[in-house]
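Reviewing the structure listed below.
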Amino acid sequence: MLTLQCLREERDRVISALAKRHVESATTIDEILKLDAQRRATQNELDQVLAESNSLSRQIGVLMREGKKDEAESMKIQTSGFKDKSSALKQAMEDAENQLNELLVQLPNTPCDLVEAGKSSEDNVEVFRSDEPQEAGGHAKPHWDIAKEFDLIDFDLGAKVTGAGFPFYKGRGAKLQRGLIRFFLERAEEAGYTEYIPPHVVNADSGYGTGQLPDKEGQMYHMQEDDLYMIPTAEVPLTNIFRDVVLTESDLPQKLCGYTPCFRREAGSYGKDVRGLNRLHQFDKVEIVQITHPSESYAKLDNMVEHVKGLLAGLELPYRILRLCGGDMGFTSAMTYDFEVWSAAQERWLEVSSVSNFETFQANRLKCRFKDVDGKNKLVHTLNGSALALPRILAALLENHQDHEGVVIPKALVPYVGFNRIGG
RNA sequence: GGAGAGGUGGCAGAGUGGUAAUGCAGCAGCCUGCUAAGCUGUGACCGAUUUAUUGGUCCCCGAGUUCGAAUCUCGGUCUCUCCGCCA
């Protein structure tokens, strides 16, 4: 969430930045500032009461030690009233703080200067397009047909055993999946990311830390009995490693990566959007995360974009990169690049990666800071990106690399999957 | 799942009702005739402010008892040991 300090000092800049998201924030922010002032005033009053009561207690302590019980008893009488007064003030302070937080949590991150205003995905800016040709063949088979023909994925079986959106991968389909994961992880390792295998289930504090809670409560599977959430992305456990952590400046940047399954309820999706591998309740993804010094987060964002470009080039897939406009960006992000691969049979773009800089928005919730040269604690910047999400990559591989007899595996991937084509 | 023990600063470690000893490490300053020793300071969070200071909170978390809680009571959580179950 946004910091109070930022709202106090840069009220107008925040309002105009949020306007890029079509969020009208002036009223909320002014209400927050009012509550903030109120809270501080209450705290001053409370501190005074506590100071007086502390000093009396201390004096009683001295008298007791000296054995002057009568004097101590008479002094106790003076303390009556402090308790009511202080608990009333505590309550008032807590109320103001709760109200303030409730409002603060509703404000999304401020988009960075480069981000266009824009209303929807229509207004995203294409910043790059690869040289790979986008086949637009009426003859191209959709991936669900290819998957069936070569028995790579069984959607019906998944529906029987679990439900729609939970496919089985079989035989070469499973190997392809495993090979892709290894390919992505090893490329990340070469780029200096340390691999983690995190828990696939997290507690509510972690969900709050990265911003899934309270905003996107309904997106995650929740295990009521233990109050735990299945992760919608490895971003959640990986970034929460740094919750309540103070790093030293030389620890920065931290670069980590991890493969996990991701679980999303995706309530309300339907139609061609969810056909085949387009949208699943469980899918595999390799995620990269960086924790950086504020001065270099945008340079690192560029590095991450380059890294993902390298992966897609290795897979020889046609793709484009979009800089999301204010209206289409996620709640917590200050700037996001989406990667989309071309689906030859569906003749449309499929999102396979989203690379974002959250600046201090997550760090503020996480309380992840570093000690700067002056010994002051400052919030870090957090970034993450998919590198990459598997199902749509698999779909694009099957559709774009098909020939008359089957599917050709791109050279870079062959060592990881152990075969160079499917069929034929 | 059952029984027991425990959680104090970066680390070690005292503290059974009067407001957190001591040691080590790190950092900064001072001193010093040399790989040293010594001395001083040293956290986080929320505030006030004349930026020199200054109030409050923090002994795993939350409630309670008390003028006063690291210390007593209740609940939670995590760690360790033993038993049971188990890939």
Side-chain angles (χ1 to χ4, degrees), chain A residues 1-9 32-105 197-209 213 223-229 237 240-252 254 261 360 362-380:
Chain A
M1 67 192 150
L2 298 173
T3 63
L4 270 175
Q5 191 191 7
C6 163
L7 292 180
R8 271 186 227 140
E9 290 170 5
I32 288 171
L33 292 176
K34 200 183 94 193
L35 285 164
D36 178 46
Q38 196 178 310
R39 202 208 81 231
R40 280 184 290 168
T42 311
Q43 190 186 343
N44 269 333
E45 247 182 282
L46 174 64
D47 284 355
Q48 264 175 33
V49 173
L50 287 176
E52 272 182 69
S53 136
N54 282 347
S55 126
L56 270 179
S57 288
R58 228 165 283 152
Q59 289 173 48
I60 292 172
V62 172
L63 291 173
M64 294 292 277
R65 234 174 312 166
E66 291 171 349
K68 299 175 181 166
K69 281 209 168 146
D70 295 344
E71 287 180 50
E73 286 302 326
S74 69
M75 199 168 250
K76 279 189 194 178
I77 296 164
Q78 294 179 49
T79 64
S80 69
F82 277 132
K83 199 161 199 186
D84 289 345
K85 226 191 280 180
S86 73
S87 66
L89 286 167
K90 258 181 213 164
Q91 190 60 50
M93 206 168 102
E94 208 173 293
D95 288 348
E97 211 164 270
N98 288 341
Q99 281 179 51
L100 193 156
N101 270 325
E102 222 166 275
L103 293 174
L104 205 51
V105 156
I197 301 179
H200 299 169
V201 164
V202 294
N203 57 31
D205 283 346
S206 295
Y208 179 80
L213 298 176
M223 287 174 272
Q224 204 172 11
E225 192 152 9
D226 300 291
D227 194 23
L228 295 171
Y229 295 85
N240 271 284
I241 290 172
F242 298 95
R243 173 151 50 83
D244 293 319
V245 166
V246 181
L247 297 158
T248 61
E249 202 164 335
S250 59
D251 290 332
L252 300 174
Q254 292 279 326
T360 61
Q362 287 182 332
N364 188 33
R365 287 201 192 186
L366 292 162
K367 294 202 173 61
C368 177
R369 293 155 298 171
F370 69 98
K371 219 172 253 307
D372 75 1
V373 280
D374 302 326
K376 295 250 182 204
N377 288 333
K378 288 195 177 152
L379 294 171
V380 299

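Letters go in sequence order (proteins before strands), and every chain restarts at 1. Please read these numbers as outputs of a predicted model, since none were measured by experiment. Atom set for the values below is all heavy atoms of this structure, side chains included, hydrogens, waters and symmetry mates excluded.
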Tell me which of Leu50(A) and Arg40(A) sits closer to the 5' end of RNA chain B, going by the nucleotide each one is nearest to.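 Per heavy-atom nearest nucleotide, the more 5' residue is Arg40(A).
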Start at the 5' end of RNA chain B and walk down; is the nucleotide closest to Lys83(A) or to Glu94(A) reached first?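 Going by which nucleotide is closer to the 5' end, it is Glu94(A).
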[atom1] gap between [N] and [M], integer Å:
N	M	atom1	result
A14(B)	C60(B)	P	15 Å
A44(B)	G10(B)	C1'	13 Å
G38(B)	A25(B)	P	9 Å
A70(B)	C58(B)	P	7 Å
U16(B)	G68(B)	C1'	16 Å
C85(B)	U73(B)	C1'	35 Å
A48(B)	U42(B)	P	24 Å
U66(B)	G4(B)	P	30 Å

For RNA chain B, which nucleotides open and close the run of contacts to chain A, 5' to 3', at under 4.0 angstrom from a non-hydrogen atom?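 The protein-touched segment is G18(B) to G68(B).
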Less than 3.5 Å apart, any donor N or O on the side chain of Asp95(A) or Gln91(A) sitting next to an acceptor on the other?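 The answer is yes; a qualifying pair exists.
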Polar side chain donor-acceptor pair, Ser206(A) to Asn203(A), under 3.5 angstrom: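 The answer is yes; a qualifying pair exists.
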Verdict with reasoning, Thr79(A) to Ser53(A), per side-chain contact (heavy atoms from CB on, under 4.5 Å): CA-CA 7 Å; Thr79(A) 64; Ser53(A) 136; over 6 Å; no
Paired with [N] by Watson-Crick or G-U wobble geometry, both distances under 3.5 Å: which nucleotide is it?
N	answer
G23(B)	C11(B)
U57(B)	A44(B)
A70(B)	none
C30(B)	G38(B)
A3(B)	U81(B)

Any donor-acceptor pair under 3.5 Å from [X] side chain to [Y] backbone:
X	Y	answer
Asp84(A)	Gly81(A)	no
Ser86(A)	Phe82(A)	yes
Thr360(A)	Ala363(A)	no

Using a 4.0 Å heavy-atom cut-off across all strands, classify Lys371(A) as base, sugar-phosphate, or nothing.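 Touches sugar-phosphate only.
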For Thr79(A), answer base if it contacts any base atom (sugar-phosphate contacts may also be present), sugar-phosphate if it contacts only those atoms, and nothing otherwise; contact means non-hydrogen atoms under 4.0 Å.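 The answer is sugar-phosphate, as Thr79(A) gets under 4.0 Å only of primed atoms, P, OP1 or OP2.
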Check the surroundings of atom CG in Asp227(A): do more than 12 heavy atoms from other residues, nucleotides or ligands lie under 6.0 Å from it?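 Atom CG in Asp227(A) is packed in, count exceeds 12.
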